[in-house]
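Report on the structure given below.
Predicted model only: the values in this text are computed from it and were never measured. What's counted below: heavy atoms across the whole structure, side chains too, no hydrogens, waters or symmetry copies. When a ligand or atom number is given, it counts from 1 through the structure's own listing order.
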Amino acid sequence: MKKVLVTGGCGYIGSHTIVDLIDHGFEVISVDSLVNADERPLAGIEKITGQAVYNYRVDLCDYEATRQIFLDHPDLMGIVHFAALKAVGESVEQPLRYFRNNLNSLLNLLDLATEHGVDNFIFSSSCSVYGNARELPVTEANDFQEAESPYARTKQMGEQMIRDVGRAFPQLRSILLRYFNPAGAHPSALIGESPVNPALNLVPVITETAIGRRTKLTVFGDDYGTRDGSCIRDYIHVMDLANAHTKALQYLAAGQSEEACEVYNLGIGEGVTVLEAIEAFEKVTGQSLNYEIGPRRPGDVVAIYSNYQRAAERLAWAPARGIEDIMQTAWEWEKRRSAPASVS
Ligand code: NAD
Ligand code: WQD
C-alpha cells in the first residue's frame, strides 16, 4: 500500500484529492487543524470511496505535534501539502498571520520530510505567483511579477524554499502545482466547496445567489478590453485538479522526474469571461441568475489563462471537464449543502 500524508485534507481541494488518491490505490492520512474547515468532508469521502480516512487535528506550525505524525507513520511515501490560509484580501489585513501560518507549516514539513526520508513532495501553488502576467497564455517559463498580496507572496516564497531545500537534500523530489481557478464539486455532491461566509470566488457566489443565500451577483466590470468586457479566467474542475496530484505522485514514485523540483500549470488552457460563466450556469441549470454590472474590483487582472502542455507531456494529465461541468456539479453541491439537514 502506498501511504500518503495529505495536509489540509478536510479542505476543498484536499478532500477531492483524497478521493482520487484512494481511487488509485493510495492509503491516505490527513492532517488538518480545522482552521478553515470541519471534519464533515471525511464522512463524504468515506461514502464515496468506502474507506475511512483518519485526520490528525494538528496545526502544522506545531513542530512536535507534526513530528508525532511522522513517528506514527514511518512508511509514508509522499506528502501532498495543501494546508494554507488562502483568502487574498484577508492576507492584506493580516500579513503576519499569513506568513506565520503558510511558511512555518511548510518549513516544519520540509524539515520532517528530510529527517524522516519522505522523498516525494507535492506543493499547492497558485497562478497568483505570476502576478499581472505579461504574456498569455501563461507558461511555467513566465517570470514572477510583483506579488499582488501577502498570500501570493507566501506561494512565491514557498516555491523558492522548496527549491532551495531540494538543492541541499537531493533525495527530496518535489512538484509545484500552480492552480488557476479551481471550481466545481465531486459528481456525487457528497463533497464540495463550503466557503466561509461570505463567499468571494465567482462560482460559489453564482450558486449562492441562485439558491437565495444572497440576493444578487455583481459582475465586477464590463468595460475591460475583452470579448464581452468582463474579466477572463481559467476555471479548472476540482476533480481534474485532484487527479493531477495523483499523477504527480505516481510520476515521482516511478522515478520519472527529470529535475529535483518541477513546476506545472494546471488549468484548462482556455479563458472564460465572467459573463460566459454566468451563461454556462444558466444553460446547465435552467435557472436565470439575478446579476448586475458593477464597478471593477481593485486588484483584478484583466485576463489570465494557462498553457498546461508541460503537465500534458510529462504527467500525462489533461483536464476532462469544462465550465458547464463545473457549473453543474457546483449547483448539485449547493442544493445539497443548502438543504435541511445539510452536509456542509
Ligand atoms: P481550504 O481552506 O479549503 O483548505 C485548506 C485546509 O488547510 C483547511 O481545511 C485548513 O483548515 C487547513 N489548514 C490551514 N492552515 C493549517 C495549518 N497550519 N495546519 C493544519 N491545517 C491547516 O483551501 P483550498 O481551496 O482547498 O486550497 C488548498 C490549497 O490550494 C491552499 O494551499 C491554497 O492556497 C491553494 N490554492 C487554492 C486555490 C483556490 O482558489 N481554492 C487556488 C490556488 C491555490
Ligand atoms: C474570478 C472572476 C472577478 C466574484 C482568486 C485568487 C487567486 C486564486 C484563485 C488562490 C474575476 C469576477 C468574482 C463576484 C465577479 N486563489 N467576480 N463577481 O480573483 O481570479 O482568483 O482565486 O491561489 O489567487 O486571487 O478569482 O473567483 O474571485 O474571480 O465579477 O462576485 O470573477 O472579478 O474576474 P480570482 P475569483
At under 4.0 Å between heavy atoms, what of Ser125 touches ligand 1? The answer is backbone

What part of Lys155, side chain, backbone, both or neither, has a heavy atom within less than 4.0 angstrom of ligand 1?
->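 The side chain, only.
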
So which of [options] gets nearest to [atom], if we judge by its closest heavy atom?
{"atom": "atom 8 (C) of ligand 2", "options": "Ser126, Ser91, Gly221", "answer": "Ser126"}
{"atom": "atom 38 (C) of ligand 1", "options": "Pro182, Ser128, Ser30", "answer": "Pro182"}
{"atom": "atom 10 (C) of ligand 2", "options": "Tyr179, Tyr130, Tyr151, Phe220", "answer": "Tyr151"}
{"atom": "atom 33 (C) of ligand 1", "options": "Tyr12, Tyr235, Tyr56, Tyr151", "answer": "Tyr151"}
{"atom": "atom 41 (N) of ligand 1", "options": "His16, Arg57, Lys86", "answer": "Lys86"}
{"atom": "atom 35 (P) of ligand 2", "options": "Thr154, Leu275, Val129, Asn181", "answer": "Asn181"}
{"atom": "atom 43 (C) of ligand 1", "options": "Tyr179, Phe123, Phe82", "answer": "Tyr179"}

Show which atoms of ligand 1 fall inside a sub-4.0 Å distance from at least one heavy-atom site of [X].
{"X": "Ala83", "answer": "7 (O), 13 (N), 16 (C), 21 (N), 22 (C)"}
{"X": "Ser126", "answer": "43 (C), 44 (C)"}
{"X": "Val58", "answer": "19 (N), 20 (C)"}

Shortest protein contact, [atom] (heavy atom only):
{"atom": "atom 19 (O) of ligand 2", "value": "Arg297 NH2, 2.9 Å"}
{"atom": "atom 21 (N) of ligand 1", "value": "Ser33 N, 3.0 Å"}
{"atom": "atom 4 (O) of ligand 1", "value": "Gly11 CA, 3.4 Å"}
{"atom": "atom 19 (N) of ligand 1", "value": "Leu60 N, 3.0 Å"}
{"atom": "atom 1 (C) of ligand 2", "value": "Tyr235 OH, 3.4 Å"}
{"atom": "atom 36 (P) of ligand 2", "value": "Asn201 ND2, 3.4 Å"}
{"atom": "atom 2 (O) of ligand 1", "value": "Asn36 ND2, 2.7 Å"}
{"atom": "atom 15 (N) of ligand 1", "value": "Asn101 ND2, 3.1 Å"}

Under 3.5 Å: N/O of Val205 near N/O of ligand 2 | no

N/O of Arg233 under 3.5 Å from N/O of ligand 2, yes or no?
->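 N/O-N/O distance under 3.5 Å: yes.
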
Could you check whether [Y] and [X], counting side-chain N and O atoms only, form a donor-acceptor pair closer than 3.5 Å?
{"X": "Glu159", "Y": "Ser125", "answer": "yes"}
{"X": "Thr66", "Y": "Asn108", "answer": "no"}
{"X": "Tyr56", "Y": "His73", "answer": "yes"}

Do the side chain of Arg173 and the main chain of Gly255 share a donor and acceptor less than 3.5 angstrom apart?
-> no

Pairs of nitrogen or oxygen atoms closer than 3.5 Å, one from [X] and one from ligand 1: do any exist?
{"X": "Ser105", "answer": "no"}
{"X": "Ile13", "answer": "yes"}
{"X": "Val35", "answer": "yes"}
{"X": "Phe180", "answer": "no"}

Indicate yes or no: does [X] engage [Y] in a salt bridge with an N to O separation below 4.0 Å.
{"X": "Asp223", "Y": "Arg296", "answer": "yes"}
{"X": "Arg57", "Y": "Glu39", "answer": "no"}
{"X": "Lys283", "Y": "Glu324", "answer": "yes"}
{"X": "Glu276", "Y": "Arg227", "answer": "yes"}

If we set the cut-off at 4.0 Å for heavy atoms, which region of [X] has an atom near ligand 2: side chain, backbone, both, or neither?
{"X": "Leu200", "answer": "backbone"}
{"X": "Thr218", "answer": "backbone"}
{"X": "Leu202", "answer": "both"}

Neighbour count above 12 (heavy atom, 6.0 Å) for Glu135 CD = no

Measure from NZ or CZ of Arg314 to the centre of the six-membered ring of Tyr251 and say whether it is under 6.0 Å with the direction within 45° of the ring axis.
->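 No, cation not above the ring by the 6.0 Å, 45° rule.
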
Given the side-chain rings of Phe82 and His16, with only the six-membered ring counted for Trp, is the space between their centroids under 6.0 Å?
-> no

Which class fits the ring pair Trp317 and Tyr308: parallel under 30°, tilted 30 to 60°, perpendicular over 60°?
->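 Rings of Trp317 and Tyr308: perpendicular, as their planes differ by over 60°.
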
Proximal atoms of ligand 2 relative to Val219 (non-hydrogen, under 4.0 Å) =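 It comes down to these atoms of ligand 2: 30 (O).
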
Quick one: which ligand 2 atoms are inside 4.0 Å of a heavy atom on Cys231?
-> 34 (O)

